[in-house]
Amino acid sequence: MARVFIPVLLRELTGGEAEAVVAGATVRELIATLEDRYPGIADRLTGDGRLRPNLAVAIDGEVMPLGLRAPVEPSSEVHFVAAIKGG
């Protein structure tokens, strides 16, 4: 199962837990599993069927442009990070 690191601002939903080990083959499935365990977390991570615009997801150290559709391996480490835009 993948190891998901919970952003500091969402730890109020996890009882202070900084990480969770959850099942899922995609980021979308991971979030659904997190939602089962920590109700309300999906609304803070997603909106309109996609990651919130201020968030990006990094899997094994690489920011993934596929967002919720990004594949996740059982051994993956997943981070939700602030999206940086500009140029």
Side-chain angles (χ1 to χ4, degrees):
M1 290 193 279
R3 184 185 212 184
V4 179
F5 293 86
I6 309 296
V8 173
L9 294 175
L10 299 183
R11 291 183 191 164
E12 65 193 46
L13 299 171
T14 66
E17 291 185 43
E19 60 185 73
V21 177
V22 296
T26 65
V27 172
R28 183 182 313 276
E29 290 176 10
L30 288 182
I31 291 173
T33 303
L34 286 170
E35 178 66 18
D36 288 342
R37 192 178 300 174
Y38 309 114
I41 202 165
D43 287 340
R44 302 276 295 275
L45 293 171
T46 63
D48 296 326
R50 56 180 23 150
L51 277 178
R52 294 225 173 253
N54 60 330
L55 290 176
V57 63
I59 301 173
D60 297 326
E62 183 178 342
V63 175
M64 304 303 286
L66 294 174
L68 297 178
R69 296 178 293 135
V72 178
E73 297 296 323
S75 61
S76 290
E77 290 187 356
V78 179
H79 294 260
F80 293 98
V81 296
I84 299 173
K85 298 187 181 199

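Just so you know, these numbers use all the heavy atoms, side chains as well, and skip hydrogens, waters and symmetry mates. It should be emphasised that the depicted structure is a prediction, and the values quoted were computed from it without experimental measurement.
- With sequence neighbours left out, R3 forms a salt bridge (Lys or Arg N to Asp or Glu O under 4.0 Å) with E19, E77.
- The nearest pair of heavy atoms linking A23 to T33 is O-OG1, 3.0 Å.
- L30 contributes atom CG, which lies 10.5 Å from atom CG of L45 (distance to the nearest 0.5 angstrom).
- Residues L10 and F80 fail the side-chain proximity criterion, which asks for heavy atoms closer than 4.5 Å.
- When all heavy atoms of V72 and T26 are compared, the pair lying nearest together is CG2-C, 3.7 Å.
- For the pair A2 and E73, the tightest heavy-atom approach, listed with the atom from each and the gap, is CB-O, 3.9 Å.
- In plain terms, the two heavy atoms of R52 and D43 that are nearest each other are NH2-O, 2.7 Å.
- M1 is not listed as a side-chain neighbour of V22, based on a closest heavy-atom distance of 4.5 Å or more.
- The 12-atom threshold is exceeded at CG of N54, counting heavy atoms of other residues, nucleotides or ligands nearer than 6.0 Å.
- R28 contributes no side-chain N or O that, together with a main-chain N or O of L68, makes up a donor-acceptor pair within less than 3.5 Å.
- Between the CZ atom in R11 and the CZ atom in F5 there is a gap of 10.0 Å [rounded to 0.5 Å].
- The environment of R69 atom CZ is sparse: at most 12 non-hydrogen atoms of other residues, nucleotides or ligands sit within 6.0 angstrom.
- To the nearest 0.5 Å, the span separating CG on L66 from CG on L51 amounts to 11.0 Å.
- In this structure, Y38 OH and T14 OG1 are separated by 5.5 Å, a value rounded to the nearest 0.5 Å.
- The CZ atom of R44 sits 13.0 Å away from the CD1 atom of I31 when rounded to the nearest 0.5 Å.
- The nearest pair of heavy atoms linking I59 to A70 is CD1-CB, 3.8 Å.
- A83 and P53 get closest at one heavy-atom pair: CB-O, 3.8 Å.
- The shortest distance between side-chain heavy atoms of E62 and M64 falls below 4.5 Å.
- At a threshold of 4.5 Å between non-hydrogen side-chain atoms, the residues V4 and I6 count as touching.
- Taking CG of D60 as the reference point, atom OG of S76 lies at 4.0 Å (rounded to 0.5 Å).
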